[in-house]
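Here the structure is laid out as structure tokens; the discussion comes afterwards.
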Amino acid sequence: MSIKSIDPRITRENLSEEPDQNPIKELNHWQTYEVFHQTKKGDHHIHVGSLHAPNAEMALILAKEQYARRYECVNIWVVKSANIFSSDYDDEDIFETTPEKMYREAGGYKVMEKINKYKKERKGV
Amino acid sequence: MYGGGYIFEESKNGKSEAEDTEKLERFESKIAAGEKIEPSDWMPAEYRKQLIRMIEQHAHSEIIGALPEGTWITRAPGFRRKLALMAKVQDEVGHAQLLYSAAETLGKPREDMINDLITGKSKYSNVFNYPAVTWADTAIIAWLIDAGAIINQVANSKGSYGPYCRALERICVEESFHLKYGHDNVVFLATGTPKQREMVQEALIRWWPPIMHFFGPSDKISVHTETLMRWKVKMASNDDMRQKFLDMYVPKIWELGLTIPDPLLKKNETTGQWVYTEPDWQEFKKVINGDGPCNKERLAVRRNAEEKGEWVRRALQRKDERYTVPLA
């Protein structure tokens, strides 16, 4: 039995009602890429998601269609998912640090008191 | 569009497999604290399984949902409507891509999901097993089915799985265009010629039962979902979402002077709840199990696209590639 549709173009295709016995094979939908976009020149590129593509050029074309068809975007990067190295959430403690880190901040260095004291003492000379 | 009325598998309260209690406790306390779970985090096997199932169903619904509207692109009344409908249908297919990627991060390759769809193993939203008989049907779909989908998706975007939430946030922004476009389309017909009014009224009558089915069976009869709700996989009960939909959209339908084909439909002002005729859940079950007006056609069309495109994809495929699970 072939499909009878209210859309004549579908009826004309003579589609079979029976499911296909040959499932598609692994990688028929290609490799995965991660996509980064830049919404404005001067901004950082930001990760927006991933997609499937056979090569980097196609990944760029598909990334434009998928992630930049509506909102402002001036530049896209695509990177093979396989080429990204990331830290592990299980190792979150690598970001833990001593609570007191004023020695590496600008606010940790105050000199005016010493300068004023020095000026005052010098006046006295 | 189009997530709604997911079919969850019966589980023994999430305890189908023995889990490391300490890890499970940490996992649950993270979720309770509002933290997101990321792909590389530890998660119970049941959580992974139900999420794959739900996100995959959602992705299939977007793909199949593009078909009833897609057939109307060539016959859209006028250039502006054609442009808008093309944009909407492209968005739906794009949503499917985002959702397939989110499901893939849980470990099911895309090819497996597509195979499960085209062999009829996976489910998708039941509403798309009904035909869009006239142009007015596409207007009703774009307005009211998308409205239902937004209620469901906004709730789900506050769920616990990071990649799914991020995809949904993107999707919801585009859905709001679909909803406005659909409303504009319905208002245009409802305030137009008598023939146009008749068309949109008939479409509403055809689509009301599927719309009432959209959020899935009543909580009284559906699979127990307490664990899924605690894990923030399912974010709202089917009945609550249906009530919210009625509350937001029945007044907007009535203000256009259109008739909803349910004589019992009214709001109980003391309880704030809508009263309605219980949807025909036997019909819902029958259609979702394959015996609806368009089930066979939808899958055959999708299968055809897959078969016709296969040689192109194979020609571009590199033999030395290995599949990598997308990161996020």
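Below, read A as the first sequence line, B as the second, and so on, with proteins coming before strands; counting in each chain starts at 1.
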- Under 4.5 Å from a heavy atom of chain A, the part of R166(B) involved: neither
- If you measure from CD1 on I24(A) to CE on M113(B), what distance do you get to the nearest 0.5 Å? 10.5 Å
- Note on the structure: If you tally heavy-atom pairs under 4.5 Å between each of N28(A), T32(A), D90(A) and chain B, the highest tally belongs to N28(A)
- Using 4.0 Å as the upper bound for N to carboxylate O, is an ion pair formed by E26(A) and R110(B)? no
- Task: Any chance you could measure Y100(B), atom OH, to H29(A), atom NE2, to the nearest 0.5 Å?
- Result: 9.0 Å
- Could you give the distance from CG (L51(A)) to CG (L98(B)), rounded to the nearest 0.5 Å? 9.5 Å
- Honestly, the part of I10(A) sitting under 4.5 Å from a heavy atom of chain B is side chain
- Within-4.5 Å side-chain heavy-atom neighbours: T324(B) and K80(A): no
- Query: With only heavy atoms counted, which part of A132(B) is less than 4.5 Å from chain A, the side chain, the backbone, both or neither?
  - Reply: backbone
- To the nearest 0.5 Å, what is the distance between CD (Q66(A)) and OG (S101(B))? 8.0 Å
- Message: What verdict does the side chain to side chain contact (heavy atoms under 4.5 Å, CB included) test give for R9(A) and T71(B), after you've listed the backbone C-alpha separation in whole Å, the side-chain angles of each residue and the deciding distance to 0.1 Å?
- Response: CA-CA 9 Å; R9(A) 293 167 307 168; T71(B) 56; 4.0 Å; yes
- Message: I'd like to know which of K4(A), H47(A), E17(A) tops the heavy-atom pair count under 4.5 Å against chain B.
- Response: E17(A)
- So what's closer than 4.5 Å to chain A heavy atoms on T74(B): side chain, backbone, both or neither? side chain
- Message: Between P326(B) and chain A, with a heavy-atom cut-off of 4.5 Å, which part of the residue counts as in contact: side chain, backbone, both or neither?
- Response: both
- Note on the structure: CD of Q97(B) to OG of S50(A), rounded to nearest 0.5 Å, is 10.0 Å
- Message: Using the rule given for salt bridge (charged side-chain N to carboxylate O under 4.0 Å, His left out), can you reason through R69(A) versus E174(B), listing the C-alpha separation, both sets of side-chain angles and the distance that settles it, and then say yes or no?
- Response: CA-CA 11 Å; R69(A) 67 174 176 270; E174(B) 297 184 340; 3.2 Å; yes
- So which of A87(B), G94(B), P163(B) has the biggest tally of heavy-atom pairs under 4.5 Å with chain A? G94(B)
- Sort S16(A) into side chain, backbone, both or neither according to what part of it lies under 4.5 angstrom from a heavy atom of chain B. backbone
- dist T119(B):OG1 -> E18(A):CD (nearest 0.5 Å) comes out at 12.5 Å
- Item | Any side-chain heavy-atom pair of E111(B) and K25(A) under 4.5 Å | no
- Could you tell me whether K119(A) atom NZ has more than 12 heavy atoms of other residues or ligands within 6.0 Å of it? no
- Query: Side-chain contact, heavy-atom cut-off 4.5 Å: Q90(B) with E65(A)?
  - Reply: yes
- Message: Is V325(B) in contact with chain A via its backbone, its side chain, both, or neither, using a 4.5 Å heavy-atom distance?
- Response: backbone
- Query: Where do E13(A) and N304(B) come nearest, in terms of heavy atoms and distance?
  - Reply: OE1-ND2, 3.3 Å
- Query: Is it the side chain or the backbone of D91(B) that comes within 4.5 Å of chain A heavy atoms, both, or neither?
  - Reply: both
- Message: More than 12 heavy atoms of other residues, nucleotides or ligands under 6.0 Å from NZ of K64(A): yes or no?
- Response: no
- Would you tell me whether Q31(A) and Q317(B) have side-chain atoms, one donor and one acceptor, within less than 3.5 Å of each other? no
- Query: Is chain A contacted by the side chain of K319(B), its backbone, both, or neither, given a heavy-atom distance below 4.5 Å?
  - Reply: neither
- Item | Nearest atoms (heavy-atom pairs only) where Y323(B) meets W30(A) | CD1-O, 4.3 Å
- Side-chain contact test, heavy atoms from C-beta onward, threshold under 4.5 Å: evaluate it for D7(A) versus R75(B) and give yes or no. yes
- Item | Non-hydrogen side-chain atoms of K296(B) and L15(A) separated by less than 4.5 Å | no
- Message: At a heavy-atom distance under 4.5 Å, which candidate from E306(B), R318(B), R314(B) has the highest pair count against chain A?
- Response: E306(B)
- Item | L299(B) portion near chain A, given a 4.5 angstrom heavy-atom threshold | neither
- Message: Tell me whether the count of non-hydrogen atoms from other residues, nucleotides or ligands lying under 6.0 Å of CD in E113(A) goes above 12.
- Response: no
- Relative to chain B, which segment of Y67(A) carries a heavy atom at a distance below 4.5 Å: side chain, backbone, both, or neither? both
- Task: Answer yes or no: is there a side-chain heavy-atom contact under 4.5 Å between H52(A) and E104(B)?
- Result: yes
